[in-house]
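Below is one structure, written out as structure tokens; comments come after it.
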Amino acid sequence: MVEEITIEEALNLKNTLFIDVRSEGEFAEATIPGAVNIPVFENEERAAIGTLYHQAGPDHARRLGLKLVAPKLPQKLTAVDRLAGDKSLAVFCWRGGQRSQFMAGLLDIMDYHVYRIVGGYKAYRQYVNTYLGRDALTQKAVVLHGLTGVGKTEMMVALEERGLPALNLEGLAEHRGSVYGKIGLPPSPSQKAFESSIVKFLTAIGDNGIFIVECESRRIGNLLVPSPLVSSIKNGIRVLLYAPIEQRVKRIRDVYTCGPDNNIKELQRATASLEKKIGSNRVKALNGMLAEGNFEPVFTYLLQYYYDPLYKYPEVPDDGYDLCVDTTDMKKAVDDLAEFIKGL
């Protein structure tokens, strides 16, 4: 028998495979984190059924739907068998309608333990919006500050590998938060998917948890950081990371030239977008050096004359921060920050 449950009940389930039965296009935009896509109808099929529904009514649309899905049922069941193992199944569609009813019923007949999420993905979006609609988070943020190239992202990754709760917003956004931010990275997620990942992280650490996050502006590429998280970043425990410019330039080179042909074309396009900021002659000179693979003077100039004046962080320890960490030796820096966080 299919058990109907709320989204809150569903998110507390253990050993359960979430199955999104919406079309692949709907799934690609956003889904419940961790869900797999086994669509009842594919994009074109869903469009055809919708058109027929408006032209001839629901009975004709349902009959077309049955005609389209029936030949593919063995294939869909095989996919479930492969993915489910010994897990229970939680099935959902857009708003808990006929697609999830159909698939849940079929899987129940096949002797799976099946839950059906009341309200579907729409209920999950309401859950996310409610969570992020608060004035402030209950969790406390430890916020990493520092000039470009001090290794904030490297620090976040290292802390996460040690099991500490690091909310890597740039990693979730697939964007490094500058005009060079998309170089060598895949497409960014949708705003909905970005928010879902944030909520999943925050709920996992509990209402009174502590988390590490990099100081970010309201926008990362085309994505917006939710308001309560922005507030937590502004009011968090302040940690300054610092390092000599030579070390920062080396880190920048290692990150941004790691790709086919050292990402030279992408670097040149990003540099050209700074023409109004640094002038056309400077852009031409920098792009000429990039073409020759002469990276160090380009990154040194950009740090000293563009990014450092833009962000205005101290280059040495400063009393305005709760902790200052030299990242020249990153392993030692991670050790120092990890001990500080554990002490909180």
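Numbers here are sequence positions counted from 1.
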Partner residues of Asp318 under the side-chain hydrogen bond (donor to acceptor under 3.5 Å, both in side chains) criterion, sequence neighbours left out: none
Parallel under 30°, tilted from 30 to 60°, perpendicular over 60°: which one fits the rings of Tyr131 and Tyr127? tilted
If you count heavy atoms of other groups shown closer than 6.0 angstrom to CG of Asn222, is the number above 12? no
For Phe211 and Leu229, run side-chain contact (heavy atoms from CB on, under 4.5 Å): C-alpha distance rounded to whole Å, both residues' side-chain angles, the deciding distance at 0.1 Å, then the answer. CA-CA 11 Å; Phe211 66 98; Leu229 181 53; 3.8 Å; yes
Report the C-alpha separation of Leu164 and Leu337 in whole Å, then their side-chain angles, then the decisive distance to 0.1 Å, and conclude whether the side-chain contact (heavy atoms from CB on, under 4.5 Å) test is met. CA-CA 11 Å; Leu164 293 170; Leu337 185 51; over 6 Å; no
Which residue pairs pass the salt bridge (Lys or Arg N to Asp or Glu O under 4.0 Å) test when at least one of the two sits in residues 250-263, sequence neighbours left out? Glu154-Arg251, Lys250-Asp254, Arg253-Glu296
Describe, in one word, how the ring planes of His113 and Tyr115 are oriented to each other, choosing from parallel (under 30°), tilted (30 to 60°) and perpendicular (over 60°). tilted
Any salt bridge linking Glu26 with Arg99? Criterion: basic side-chain nitrogen under 4.0 Å from a carboxylate oxygen. yes
With sequence neighbours excluded, what pairs up with Ser273 under the side chain to side chain contact (heavy atoms under 4.5 Å, CB included) test? Val179
With sequence neighbours left out, write down each residue that passes side-chain hydrogen bond (donor to acceptor under 3.5 Å, both in side chains) with Ser190, or none if nothing qualifies. none
With the threshold set at 4.0 Å, does a side-chain nitrogen-carboxylate oxygen contact exist between Lys152 and Glu170? no
Verify side-chain contact (heavy atoms from CB on, under 4.5 Å) between Phe18 and Thr31, making sure each step is shown before the conclusion. CA-CA 10 Å; Phe18 283 68; Thr31 189; over 6 Å; no
Aromatic ring pairing Tyr256/Tyr180, orientation class (parallel under 30°, perpendicular over 60°, tilted between): perpendicular
Residues at least two apart in sequence or cross-chain that pass ring-ring contact (aromatic ring centres under 6.0 Å, His included) with Tyr313, listed by chain then number, are His145
List for me each residue that meets side chain to side chain contact (heavy atoms under 4.5 Å, CB included) alongside Arg219, sequence neighbours excluded, and say none if there are none. Leu224
Tell me, with the steps shown, if Val143 and Arg238 meet side-chain contact (heavy atoms from CB on, under 4.5 Å). CA-CA 5 Å; Val143 186; Arg238 291 160 54 83; 5.6 Å; no
Assess whether atom NZ of Lys200 is packed by more than 12 heavy atoms of other residues, nucleotides or ligands within 6.0 Å. no
